[in-house]
Amino acid sequence: MKKLFEDTRLFDKAVREKFGLSEDVMMENAAASLENRVKYDVGTTPKTLIVCGSGDNGGDGYALSRRIPNCIVWSVKPPKSPSCICQKERAEKVGVHIFSGDVASFKSEFGFDAIGDKTSDDDSGISGKFDVVIDCIFGSGFHGEPDESVAEVIRFLNSLKAWKIACDVPSCLSCANASLRDDVFKAHSTATMGALKKILYAEYSKDYVGDVYCSNLGVTRTVFEGLADSIGGVDAQQESAEMWLLEKADFAPPKRKTECVHKGSFGHGVILTGEKHGAGIIAGEACFAYGAGLVTLVPSEKAAGQDATEQPEIICSPELMIANELPKNTTAVAFGMGLGRGGPAEKAAQAWLTQLSKLNVSCVLDADLFYTESLPKFLADNCGKKRIVLTPHPKEFLSLLKICGLIDEKMPEASAGTSHANAPSTTMDVNYVVKNRESLSAAFCKKYPGVVLLVKGASPLISTMKDGKIQEFVNTLGKNCLAKGGSGDVLSGLICALLAQGYTALNAAIQGSLAHSLASERITTSYGMTPFMLIDATRYLK
């Protein structure tokens, strides 16, 4: 588990002041880290294109150009920062080939035709095809939108069939969204400087950052990150939230450590089924596969007083039990998947939430429940009193925020570094929720302390409030094969199993999410997964 930081520029300053490492020394260390990344990723003598901007990120690129042979520098913006100016002058003095111009001029200068990186003369040495492209245009401080000249450069770089490395943060990453923009640099690997940044693990970053490596700037990572505690206010943006990156090493599957046990020793998970019984059956199978001693399906319509003759028969495997009411030895309940919407479903949800409020059972809540008006009262009455995990996907999270009074239908969209008060007004949508999920999750957890919120997506975010502080955990391990109907039902079942076995809400959410992701790695195709394949894969995780 590794800590993530909003902004590390103040850390850089602290290193200079506390340890006497000049900005020049730190920049040379950054260049050395990039040099090592090139050697590791591509080899010792690749044809290299280093693309530099006007700030310190560009300075890193100019410093790198002195250290590696067979390279060209493309200066897309004239140097402005003192370090960038100095490093460019040094590069010029040692004879580095520096090109300044637009994309059309670059193509003409180096023999590129209109088809990406195909050249008119591939035997012309350095002006031929590049083996590696290094993005040093912007660093982590970039916000807003790139001007068209830079956007055109990035689009051209993305079209090149070369290995791509980003320095610190891929240029324009803060612009990334669901549309997979072509004016955000798409790296195969990112060498980030000093410490890991939160933006590298945002929901829309996964398609741009590649493999992320943390580079040493002259002090160990432990010392560098420790500056957050030793310098007052150095990371004020994190006072309300700490974020951690989950890793494979954090995974700890449930293990039965004693032999003299029985099925009741491992809890009784109950799945409240709804209009779509299949969702409940999937969750039940996942719950049973992941260690719950007993699993029972209970039709949620029973609480609404629906006539039993009107209910379709639930057909499931014989290992799952079916009952008309909550068993007395229930230890955890999963509710919401396949619930349905409208009058009968709403009535059933309200009745079950009222009953669950009176019982000492853990709950994982999902899907259609996040459109239920009675949910906020349940959360307010029970937060801090029982173990509760919520698992919405972004659209459901939007609905949850609305019914809990945390956002309005219309709300100004704030880009990074822009206050809500100064931002233009825009219609609230799912993209807004995804872009701002960290702050919105924190707001939700402040309102309902003790509740654990898991917002699903390509990189699920798990949040809770503990001891007056927001804690957030991001999981980037899952594969895109999980983008299938029923995948979320499996996750709810896994978490329910862990709650039934006595895990805390936070640990159940973290371990359930890790199991879900690591099981996806066992699926051999990106398209062929089914929920039951995923469930089967979880049985063999170690």
Side-chain angles (χ1 to χ4, degrees), residues 1 244 246-258 261-272 282-296 326-327 329-337 356 359-366 379 382-392 441 445 448-456 460-467 471-475 477-478 488-519 534-535 537-542:
M1 194 178 294
W244 302 84
L246 297 176
E247 302 175 283
K248 289 183 180 181
D250 298 315
F251 176 60
K255 293 192 183 218
R256 301 187 173 186
K257 298 178 181 178
T258 57
V261 292
H262 56 83
K263 59 191 176 185
S265 303
F266 305 102
H268 191 159
V270 173
I271 314 297
L272 301 180
I282 291 170
E285 291 286 359
C287 184
F288 197 67
Y290 211 53
L294 296 162
V295 177
T296 297
L326 216 61
N329 61 345
T330 299
T331 52
V333 170
F335 185 30
M337 58 291 298
L356 291 173
L359 302 174
N360 184 26
V361 295
S362 303
C363 301
V364 52
L365 308 178
D366 191 21
L379 296 174
N382 292 279
C383 65
K385 297 178 182 178
K386 65 174 64 187
R387 294 173 293 174
I388 301 173
V389 180
L390 279 63
T391 59
S441 294
C445 292
Y448 303 106
V451 170
V452 175
L453 175 70
L454 190 161
V455 180
K456 292 181 283 198
L461 180 70
I462 301 166
S463 308
T464 194
M465 188 169 189
K466 184 178 181 182
D467 300 327
Q471 295 181 338
E472 296 184 325
F473 305 83
V474 63
N475 174 11
L477 299 174
D489 304 321
V490 174
L491 176 61
S492 293
L494 298 177
I495 295 172
C496 184
L498 296 174
L499 289 173
Q501 293 170 80
Y503 282 53
T504 65
L506 179 59
N507 202 19
I510 289 174
Q511 293 302 328
S513 179
L514 287 172
H516 194 246
S517 297
L518 296 176
L534 188 63
I535 292 168
T538 64
R539 301 176 196 272
Y540 305 103
L541 295 174
K542 296 181 180 180

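These values consider heavy atoms only, across backbone and side chains, with no hydrogens, waters or symmetry-generated copies. The chain is numbered in sequence order, starting from 1.
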Distance (rounded to the nearest 0.5 Å) between S362 OG and Q501 CD: 11.5 Å

Before giving the answer on side chain to side chain contact (heavy atoms under 4.5 Å, CB included), spell out for T296 and T330 the whole-Å C-alpha distance, their side-chain angles and the decisive distance to 0.1 Å. CA-CA 9 Å; T296 297; T330 299; over 6 Å; no

Would you check if the side chain of R256 reaches a backbone N or O of G291 as a donor-acceptor pair within less than 3.5 Å? yes

Could you measure the distance from the CG atom of L272 to the CG atom of D366? Nearest 0.5 Å is fine. 12.0 Å

Do R539 and Y290 form a cation-pi contact, if we require the NZ or CZ to be under 6.0 Å from the six-membered ring centre and within 45 degrees of the ring's axis? no

Locate the shortest heavy-atom distance separating S513 from I462; write the atom from each residue and the value. CB-CD1, 4.0 Å

What are the two closest non-hydrogen atoms of S441 and L461, and how far apart are they? OG-CD2, 3.8 Å

Mark yes or no for whether K263, through its side chain, and A292, through its backbone, hold a donor-acceptor pair below 3.5 Å. no

Given N507 and L498, is the side chain to side chain contact (heavy atoms under 4.5 Å, CB included) satisfied, shown in steps? CA-CA 8 Å; N507 202 19; L498 296 174; over 6 Å; no

Would the distance check show the side chain of T331 and the main-chain N or O of H268 forming a donor-acceptor pair, the cut-off being under 3.5 Å? yes

Show your reasoning for whether side chain to side chain contact (heavy atoms under 4.5 Å, CB included) applies to L390 and L379. CA-CA 10 Å; L390 279 63; L379 296 174; 4.0 Å; yes

Ignoring hydrogens and geometry, is there a side-chain-to-backbone donor-acceptor pair from K456 to T391 under 3.5 Å? yes

Residue of the set L454, L514, L518 for which side-chain contact (heavy atoms from CB on, under 4.5 Å) holds with N475: L514

Can any side-chain N or O of T538 pair as donor or acceptor with the backbone N or O of I535 at less than 3.5 Å? yes

Going by heavy atoms in the side chains, are I495 and H516 under 4.5 Å from each other? no

Are F251 and L541 packed together at the side-chain level, in the sense that at least one heavy-atom pair is separated by less than 4.5 angstrom? yes

Looking at every heavy atom in both T464 and V451, which two are closest together, and how far apart are they? OG1-O, 3.0 Å

Checking side chain to side chain contact (heavy atoms under 4.5 Å, CB included) for the pair T504/L499: CA distance, chi angles, key distance, verdict? CA-CA 7 Å; T504 65; L499 289 173; over 6 Å; no

Any chance you could measure Y448, atom OH, to I388, atom CD1, to the nearest 0.5 Å? 11.0 Å

Looking at side-chain heavy atoms only, is the closest gap between I271 and C496 below 4.5 Å? yes

Does the side chain of V333 reach to within under 4.5 Å of the side chain of L326, using non-hydrogen atoms? yes

Nearest heavy-atom approach of A500 to G269 is CB-N, 4.1 Å

Note: D250 and Q511 closest approach over all heavy atoms is O-NE2, 3.0 Å

Please give me the minimum heavy-atom distance between L494 and A515, naming the atom from each residue. CD1-CB, 4.3 Å

Rounded distance (nearest 0.5 Å) linking atom CZ of R387 with atom CG of L506: 12.5 Å

